[in-house]
Every structure is written in C-alpha cells, then in structure tokens.
Novice: 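I am attaching a structure below and will ask some questions about it afterwards.
These figures come from a predicted structure and were not determined experimentally. Numbers here simply count residues along the sequence, with the first being 1. Counting convention: from 1, in listed order, for ligands and their atoms alike.
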Amino acid sequence: MTQFDVDLFIIGAGSGGVRAGRIAAGHGASVMVAEEYRVGGTCVIRGCVPKKLFVYASRFAEEFEDSVGFGWTPGEATFDWSRLVAAKDTEIDRLNGIYIRNLERSGAKLVQTRAEIVDPHTVRLVGEDRLVTARYILVATGAAPFIEPDLPGRELAISSNEAFHLPRLPEKIVIVGGGFIAVEFAGIFNGLGVETTLIHRGDAVLRGFDADLRRTLREEMEKKGIRVLTGDVLTSIEKTADGLLARTRNGEALPAGEVMIATGRIPNTRGLGLENAGVQLDGASAIVVDEFSQSNVPSIYAVGDVTNRVNLTPVAIREGHAFADTVFGGKRISVDHLGIPKAVFSQPEIGSVGLAEEEALAEFPAVDVYQTSFRPMKHTLSGRNEKTLMKLLVDADSDRVIGCHILGPDAGEIVQIVAITLKMRATKADFDSTMALHPTAAEELVTMREPSIRHRRNG
Ligand code: NDP
C-alpha cells in the first residue's frame with residue numbers, strides 16, 4: 001500500500017477546515033492543516049464575530065435616545081472608534097488563540113504557510129518549499145470580496161476586510177451592494193454617526209428574502225437616516241482634495257471619506273494548483289462537489305464557501321464535520337442544505353427560515369399568510385417610530401408551517417428556535433396550542449388566529 005506523509009492535508013484553517021481537522025484527528029487520522037493568514041477564518045477574524053461586535057457598538061446611540069422616554073437624562077455621549085477597534089482586536093486575538101489551541105490539542109499539526117496542490121496526493125508548502133503527501137486533501141479556503149475588475153478607481157475602495165481596521169471613522173460613506181454585508185455595514189456606520197448612502201443595482205435589498213421583509217427593512221433603514229439608492233450602480237471613484245467622489249450611472253456624485261464595496265464574494269480557488277490535479281470548478285470558480293463534499297478527483301474534497309453551496313459558517317462547520325465522519329469515521333453523512341435559518345444583523349434585525357411567500361406560492365397550491373406588524377412595547381415609551389414585522393406561511397392543505405420571517409429586535413434569536421419547529425414539521429395547530437409567553441414580541445407567533453391572505457391556485 002502507498003505510504004503518505006499524512007492521512008489528511010487541509011488547506012485553510014477557517015470554520016470548516018478546523019472542524020474537519022479536529023474530528024478527523026479524533027477518528028485517529030494524522031492531520032496537517034495549512035493556513036496562510038490567521039487561524040479562525042473569515043467568520044472569526046474579519047466576518048461574523050467582529051461584525052456583530054460592531055453592530056452592538058452602533059446600537060448605543062439609539063439606546064441613549066430611547067432612554068429619555070424612560071426617565072433618564074443621558075450625559076453627552078462621545079464615541080472613540082480606535083478604542084472599539086482595539087477592543088475588538090483583543091477579542092479576536094483571544095478567539096484566534098483558542099482556535100489554534102483546540103486544533104493542536106486534537107493532535108492536528110498546524111503549518112503557517114500557503115499551500116498549493118501539486119497532484120491528487122501532494123501539496124507544496126510554499127513558505128517552506130517542501131512537499132507533503134496525503135491520502136486525502138481537503139480544500140477549505142473560503143471566499144474573498146468581489147470587486148468589479150473594470151471599475152475605474154477600484155483601488156480607492158475598501159471591502160469589509162478593511163472596514164474592520166479603518167484608521168479613522170469617515171464622516172460620510174458610500175456602500176455598494178444590497179446583500180448581507182452591505183445592509184449590515186450600512187446599519188453599523190449609520191449607528192456610529194457616519195452619513196451613509198447605500199447604492200444597490202436592484203429595486204429592493206436582500207434578494208432571496210421575503211418581499212415584505214425586504215420592503216420593510218428599506219423603510220426602516222431610511223427612517224434611521226440611511227440614504228438608499230436603488231436601481232443604480234457605481235460607475236467610478238475619484239480622488240478629490242478632501243476625500244473621494246463616487247459617481248453613479250443615474251448621475252449622482254457623492255462625496256465620501258470611504259467607498260465600501262460589498263458586491264458578493266468569490267471562492268478562493270485561484271493559484272491553488274487545482275488544475276494540476278484536474279479538479280473541476282463551476283462558472284463561479286467554486287469547486288464542484290457531491291453531497292459528501294467529494295470533488296471529481298476522489299482524493300480531493302472541499303467544504304465551506306469555496307464550494308459556494310450555502311455560504312454560512314455553521315454550514316461550513318457541518319460540512320467539515322460530515323466529511324471527517326464520512327472519510328475517517330466509517331459513517332457516510334451528508335449535510336441537509338434545506339431549512340437553514342438565516343439572520344441579517346441589519347437594524348432592525350432579520351431572522352428568516354423556510355420559504356419566502358413567493359417561493360411558497362410556487363411550490364404549494366394553497367398558502368395561508370399570517371402577518372402582523374406592530375410597534376414593539378419598548379417604543380411605546382421611547383416614542384421611536386419603528387415597526388416589528390412577523391410573518392408565518394402555512395401550507396393550507398397540510399396545515400404545516402413552511403416559512404417564518406421576522407424583522408425586529410432579536411429576530412435571529414427567535415428564528416433559531418422556530419427553525420427547530422419547522423424541522424419537526426410543526427403545524428399551525430401546534431403553534432396555536434402553544435401557550436403565549438407574555439409580554440414578549442415572539443408571542444405573536446402563537447396568537448395570530450386569522451390569515452391575512454389566503455392564496456388559492458385556480459381561484
Ligand atoms: P451577497 O451575495 O449577499 O450580496 C451581494 C450583493 O451585491 C447583491 O445585492 C447583489 O445584487 C450585488 N451585486 C453583485 N454583483 C454586483 C455588481 N457587479 N454590481 C453591483 N452590485 C452587485 O454578498 P455579500 O458580499 O453581502 O455577502 C457574501 C456572503 O457572505 C452572503 O451571501 C452570505 O452568504 C455571507 N454573509 C452572511 C452573513 C450573515 O449570515 N448574517 C453576514 C455577511 C455575509 P443582486 O441581488 O442584484 O444580485
């Protein structure tokens with residue numbers, strides 16, 4: 001039998017790669033993991049975690065305002081961006097350390113270098129110019145921000161990577177894109193007092209989400225002072241005496257301290273040597289894999305954003321875990337990519353699971369929509385004019401709940417639990433028979449008696 005240096009070589013120590021390495025090592029495999037940047041990956045180092053910390057920071061301005069209605073007289077609040085960045089960096093360093101320790105404790109060997117594939121069983125450690133042979137190779141290299149290559153002045157723009165380390169907070173920012181990152185950072189910068197303009201090519205932000213959420217989020221963002229330009233695209237960025245100028249197709253000329261581009265991410269497959277092994281990529285440069293994350297080359301697997309399936313951290317972790325169990329644990333496990341709950345840390349927050357109304361109508365002949373929109377209790381005293389939206393979609397034939405969409409405080413927390421009920425195929429009758437928990441916002445989910453719309457195909 002051929003002897004290899006290791007059983008498993010993993011390229012990329014992000015969420016998916018680290019989980020795969022730890023589980024494979026636990027199954028007795030010898031594992032080596034290469035990372036060229038920082039262990040922890042996008043989510044921990046420059047994604048979900050620091051983003052959420054920034055979201056918390058940006059919410060305080062409204063909290064101070066709201067406190068007045070409750071009898072408080074807050075003093076003059078000042079904000080120090082560099083202190084926030086430093087505090088965030090300390091936390092990220094702590095998490096980075098935990099990731100490294102957990103990986104090493106599992107028995108996997110970490111090598112801090114870029115790695116490239118030489119053939120289906122060989123990897124070159126670029127930093128050490130050394131070859132390592134492996135029975136299996138797992139590619140878990142994630143994705144990187146995509147910026148239109150032909151955009152004039154693209155070198156003047158930042159992506160979310162740089163947004164976490166800006167030397168100073170700009171007075172004005174232009175954010176391009178209408179996806180997760182664009183709306184989340186629009187809320188962050190606006191909350192921190194930056195005059196924020198969002199430019200999106202479509203007519204509503206967050207394509208793929210329920211239309212009512214998309215419309216209501218835009219209204220709420222505008223109420224908070226974010227300027228949302230839809231049906232428009234950035235055509236150039238120019239340097240001016242006091243900053244930057246962003247020009248758009250519809251003739252806007254927007255002065256800004258920073259222009260942030262959040263127009264999607266592309267899988268990190270370039271320069272990895274995948275062609276040396278004959279690994280197949282799709283039109284979006286993602287590695288094509290089967291349900292067990294195996295590529296067309298039997299010894300090469302891939303998990304997480306580099307496969308462009310559902311680009312979320314918990315999904316990458318599940319895929320990495322399932323890969324290790326399948327290849328080294330003797331159990332063939334695939335990941336169910338349906339019914340995945342999603343949260344957008346916009347302001348207000350979004351939580352969503354199951355089908356959007358349009359998708360439900362395409363799939364089911366009879367759909368009942370239960371929908372409510374109300375002012376959260378807190379705002380009866382704060383006076384803030386902000387709405388919470390809750391929506392349940394029910395397959396009227398089976399009474400099964402097939403979608404739940406929330407815009408409002410803690411929407412992500414609520415929808416995580418609702419997602420369990422959808423997995424269990426809960427019916428509307430199950431929701432109705434559950435006692436309300438009062439006074440909460442989530443109690444609306446079990447007290448909506450009459451549908452606001454009854455869709456019936458053919459009449
Ligand atoms: P998204 O795919 O969410 O959104 C990309 C946005 O950019 C869309 O609005 C898209 O418009 C627009 N766009 C794409 N190409 C162009 C172009 N050439 N010119 C103008 N606009 C363009 O990507 P993000 O970068 O926001 O986030 C990447 C991924 O990271 C997300 O899809 C998600 O999987 C993950 N993520 C998850 C988070 C969470 O769970 N809370 C937070 C942040 C990221 P259109 O709709 O018309 O295609």
Novice: Which residue owns the protein heavy atom closest to atom 11 (O) of ligand 1, what's the atom, and how far is it?
Specialist: Arg201 NE, 3.3 Å
Novice: Examine ligand 1 and decide if any of its atoms is less than 4.0 Å from a heavy atom belonging to Ala262.
Specialist: yes
Novice: Over 60° means perpendicular and under 30° means parallel, so tell me whether Phe54 and Phe164 are parallel, tilted or perpendicular.
Specialist: tilted
Novice: Is there a polar contact between ligand 1 and Ala343, counting only N or O atoms under 3.5 Å apart?
Specialist: yes
Novice: Can you list the atoms of ligand 1 that are under 4.0 Å from a heavy atom of Glu148?
Specialist: 17 (C), 18 (N)
Novice: Where on Lys51 is there a heavy atom closer than 4.0 Å to ligand 1, on the side chain, on the backbone, on both, or on neither?
Specialist: side chain
Novice: Looking at Arg318 and Asp336, is any side-chain nitrogen of the basic one under 4.0 Å from a carboxylate oxygen of the acidic one?
Specialist: no
Novice: How about CG on Asp203, more than 12 heavy atoms from neighbouring residues, nucleotides or ligands closer than 6.0 Å, or not?
Specialist: no
Novice: Tell me the nearest of Thr313, Ile261, Leu312 to atom 40 (O) of ligand 1, using heavy-atom distances.
Specialist: Leu312
Novice: Please report whether the ring centroid of Phe328 lies less than 6.0 Å from that of Tyr136.
Specialist: yes
Novice: Could you walk me through whether Lys391 and Asp212 pass the salt bridge (charged side-chain N to carboxylate O under 4.0 Å, His left out) test, one step at a time?
Specialist: CA-CA 9 Å; Lys391 184 165 175 179; Asp212 285 311; 2.5 Å; yes
Novice: Quick one: does Pro145's side chain get under 4.5 Å of Arg46's, heavy atoms only?
Specialist: no
Novice: Between Arg375 and Glu386, does a salt bridge (charged side-chain N to carboxylate O under 4.0 Å, His left out) hold up when you go through it step by step?
Specialist: CA-CA 6 Å; Arg375 190 190 223 193; Glu386 185 175 302; over 6 Å; no
Novice: Counting heavy atoms only, name the option from Gly264, Gly47, Gly179 that's nearest to atom 8 (C) of ligand 1.
Specialist: Gly179
Novice: Is the shortest side-chain heavy-atom distance between Leu393 and Val401 below 4.5 Å?
Specialist: no
Novice: Ligand 1 and Gly178, any nitrogen or oxygen pair closer than 3.5 angstrom?
Specialist: yes
Novice: Going by distance only, is there an N or O of Arg265 that falls short of 3.5 Å from an N or O of ligand 1?
Specialist: no
Novice: Counting N and O atoms only, with roles assigned by atom type, does the side chain of Ser159 sit under 3.5 Å from a partner on the main chain of Ile261, one being a donor and the other an acceptor?
Specialist: no
Novice: Between Ile181, Ile350, Thr42, Leu151, which one has a non-hydrogen atom sitting closest to atom 44 (C) of ligand 1?
Specialist: Ile181
Novice: Give the numbers and elements of all ligand 1 atoms closer than 4.0 Å to a heavy atom of Glu184.
Specialist: 41 (N), 42 (C), 43 (C)
Novice: Quick test: of every protein heavy atom, which one is nearest to atom 35 (C) of ligand 1, and how far off is it to 0.1 Å?
Specialist: Asn311 O, 3.5 Å
Novice: So is Val233 touching ligand 1 or not, going by heavy atoms under 4.0 Å?
Specialist: no
Novice: Is Lys342 close enough to touch ligand 1? Criterion: a residue heavy atom under 4.0 Å from a ligand atom.
Specialist: no
Novice: Checking a contact table here: which protein heavy atom is nearest atom 38 (C) of ligand 1, and how many Å away?
Specialist: Phe180 CD2, 3.1 Å
